[in-house]
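Below is one structure, written out as structure tokens; the observations come after it.
Here is the naming used below: chain letters follow the sequence lines, and residue numbers restart at 1 for every chain.
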Amino acid sequence: MIDGFLALYIFMLAAFTGYEIIARVPVILHTPLMSGSNFVHGIVLVGAMVALGHASSNAEIAIGVVAVLLAAGNVAGGYVVTERMLEMFKTSKSAAPGEKK
Amino acid sequence: MTLPAWMPTVVDAVYFIAAVLFIWGLKRMSSPRTARRGIVWAGVGMAAAILVTFFLPGLHNLVPMAIAIVVGVALSWIVGRRVAMTAMPQMVALFNGMGGGAAAAIGAVELIRFNAALQLIPDTAPIQPEAWAAQNVGHLGSVELALAFLGVLIGAVSFTGSLIAFAKLQGWMDRRFVFPLQRWVNLAIFAGAIACGALALIAGVEGHAFAWGLLAGFIVLSLVFGIAMTLPIGGADMPVVISMYNAFTGLAVAFEGFVLQNEAMIIAGMVVGAAGTLLTQLMARAMNRSLGNVLFGNFGAGGAAAAQEIAGSQKPIDASDAAVMMAYAERVAIVPGYGMAVAQAQHKVWEFAKLLIDRGVKVRFAIHPVAGRMPGHMNVLLAEAGVPYDLIADMDDINPEFPNTDVALVIGANDVVNPVAKTDPGSPIYGMPILDVASCRNVIVIKRGRGKGFAGIENALFYADNTRMLYGDGQAAAGELIAALKALDA
């Protein structure tokens, strides 16, 4: 169980982690990175499954199914799109590999 | 199906590993060489987290759950595979909106469950855990309750807002939708949503069931606000808007993760929320505008009357002259903008650049941070065409090199190269950092017609003495340049 200040610490540390990771990303990777973080928040699918799994009334089940459907779309779409983009980034053979600004 | 007692511990352990892999994966994405493996690692963590969730004890509705997952994954997978690279901004917006919608729906389910239990357990002060457990609902404290509402609000705004952004980028909605008193109408919608949510929240915290109408009103007004907020925002501001909604979805996921006591959701959501916020700031700064100005500024509508007159005329050039000029240049900088994406000219441009490189010309691509419709849009298009990323330069790197550049070839970029941003305090884009191509010895601008850019501002670059205009569609013009260059060698 997490509660009170412990949760606040998790929030705070995760926020700094996210900030630090992005701060060092070169401009050319902004799109894949945004798309990658778009995929990462697809973890919402896990929450949607739990919500649907506990749903009992018809309204709850209906909304829960919508949640799972949307979240599954987020996760799969986010992954495919990011992977496709990253696949394309290549360096020129003439330039020494590993030499990058 | 009975599950062993240690199952929840295994699930928690896998969630932990998944959170580590997400951060590790994103970290690897900070370099082009390791980026691809980064997303694969994050994908492994995600797959594991989803799989073990099926083994959480006490989950019902497993059949509809599995069907919904299969359908959602299959549809997105197919669409994501097939869509053209030029359509990436709207795809990112769409998938992001789905995540926001899912977070909002989770919050809605939890609030409905909570309220239904409240109706059955009328007086919960002091809280009797057994009574709540009998209803199969965990009691939500005031913080959880507040975050559940907040998550619904942010998630719903991200959902409909992203869908509107998607429609705009897809070209289904190509004008900004502006009407008088819009800001006040939007404010009223927002205030209405907050009022409904706050009333329901206060009742819930005090242990009374709230009216279903309040919850419904809260959700509907939140959804409407997302639409209303995004309608007046123009296409060129989309890099800011998309990354902002990405941050919103992350926050909504983190808040709902708190409600569900799911650490993986909290961490992943918060990391994305912070990363998206930073990216949004970077985008807004690259336009020299505050986020508030982008969202509520109604850019380019009226005003700007004080803009200076631009003297001179636009001087045309034909493709063969332009090709000769670049063929015998030492350094050429190619400056792409959204127009290149519209014309799908990236392949032809790279073909042309390769011919120049074969002749010994030093070619670089200069990219403005907000060129295009999402952060890094031009980089993705050039990568698709096969341009190696070490030929691509950021604004800060290339600006000092422009005075030593013989020819700048501007294709489909307008406001991001407009020197007015430096010279005319009356201009709406004054102060925006630009690619300083005007300092090159020669400038060739490929442009469809004589019209103005998105912001409706005259571009002084087009009238400069060292600028020549090559009129035509981006792809056709690049084709002519290629033909002219080949004719030189023939």
Side-chain angles (χ1 to χ4, degrees), chain A residues 2 7 10-11 14-15 17-19 21-22 24-25 27-38 40-53 55 60-61 63-74 76-83 85-86 88-92 95, chain B residues 22 26-27 29-30 32 35-36 39 43 49 53 59-61 64-65 68-69 72-73 76-77 80-81 91-92 95-96 98-99 101-103 105-106 108-109 112 243 246 249-250 253 256 260 262 264-272 274-275 278 375-376 379-380 383-384 388-390 392 394:
Chain A
I2 38 173
I10 297 182
F11 274 133
T17 309
Y19 196 91
I21 289 173
I22 306 311
R24 293 189 203 135
V25 169
V27 176
I28 69 160
L29 283 175
H30 275 169
T31 292
L33 187 97
M34 185 178 64
S35 169
S37 60
N38 188 8
V40 166
H41 69 52
I43 188 70
V44 71
L45 175 55
V46 166
M49 290 166 71
V50 172
L52 175 59
E60 288 164 31
I61 291 177
I63 300 174
V65 167
V66 170
V68 172
L69 199 63
L70 288 174
N74 177 192
Y79 185 83
V80 170
V81 163
T82 312
E83 218 264 345
M85 274 191 253
L86 289 175
M88 299 179 320
F89 282 91
K90 297 180 203 85
T91 182
S92 62
Chain B
F22 292 157
L26 284 177
K27 173 111 191 56
M29 288 176 80
S30 57
R36 183 128 184 248
I39 186 70
T53 304
L59 287 195
H60 305 281
N61 308 315
M65 191 186 297
I69 291 176
V73 166
S76 275
W77 194 276
R81 274 266 154 236
M91 280 302 116
V92 173
F95 296 138
N96 177 56
M98 292 168 95
I106 292 170
V109 171
I112 292 171
S243 48
N246 193 30
T249 301
V253 170
E256 298 306 343
L260 294 173
N262 184 314
M265 278 172 75
I266 298 178
I267 292 172
M270 215 54 209
V271 166
V272 173
L278 177 60
N379 300 95
V380 171
E384 186 208 7
Y389 56 76
D390 42 300
I392 299 175
D394 297 348

Portion of Ile39(B) that has a non-hydrogen atom of chain A nearer than 4.5 angstrom: both

Segment of Glu384(B) engaging chain A (4.5 angstrom heavy-atom cut-off):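 When you check distances to chain A, atoms from both the backbone and side chain of Glu384(B) fall under 4.5 Å.
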
Taking all non-hydrogen atoms of both residues into account, name the closest pair between [X] and [Y] and its distance.
X	Y	answer
Glu83(A)	Arg81(B)	OE1-NH2, 3.8 Å
Leu70(A)	Ala102(B)	CD1-N, 3.8 Å
Ala108(B)	Ile63(A)	CB-CG2, 4.2 Å
Thr82(A)	Met29(B)	CG2-CE, 3.8 Å
Ala68(B)	Val68(A)	CB-CG1, 3.7 Å
Ser37(A)	Asn246(B)	OG-ND2, 2.9 Å

Heavy-atom side-chain contact between [X] and [Y] under 4.5 Å:
X	Y	answer
Leu26(B)	Val40(A)	yes
Asn379(B)	Thr31(A)	no
Ile61(A)	His60(B)	no

Stepwise side-chain contact (heavy atoms from CB on, under 4.5 Å) check, Val109(B) with Leu52(A): CA-CA 8 Å; Val109(B) 171; Leu52(A) 175 59; over 6 Å; no

Selection from Thr53(B), Leu278(B), Val253(B) maximising heavy-atom pairs under 4.5 Å formed with chain A: Leu278(B)

Winner by heavy-atom pair count (cut-off under 4.5 Å) against chain A, out of Asp394(B), Thr249(B), Val271(B):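 It is Val271(B).
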
Quick one: pull up [atom1] in [X] and [atom2] in [Y] and give me the separation to the nearest 0.5 Å.
X	Y	atom1	atom2	value
Leu69(A)	Met65(B)	CG	CE	13.0 Å
Ile106(B)	Leu45(A)	CD1	CG	8.5 Å
Asn74(A)	Ser76(B)	CG	OG	8.0 Å

Between [options], which residue shows the highest count of heavy-atom pairs closer than 4.5 Å to chain B?
options	result
Ile21(A), Val50(A), Val81(A), Val46(A)	Val46(A)
Ser35(A), Ala67(A), Ala71(A)	Ala67(A)
Val66(A), Val44(A), Leu33(A)	Val44(A)

Backbone of Val92(B) reached by a side-chain donor or acceptor of Asn38(A) within 3.5 Å: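 The answer is yes, because a donor-acceptor pair under 3.5 Å joins these two groups.
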
Ala55(A) backbone acceptor or donor facing Asn61(B) side chain under 3.5 Å: yes

Pair Ile69(B)-Met49(A), side-chain contact (heavy atoms from CB on, under 4.5 Å): steps then yes or no: CA-CA 9 Å; Ile69(B) 291 176; Met49(A) 290 166 71; 3.9 Å; yes

Verdict with reasoning, His41(A) to Asn96(B), per side-chain contact (heavy atoms from CB on, under 4.5 Å): CA-CA 8 Å; His41(A) 69 52; Asn96(B) 177 56; 2.9 Å; yes

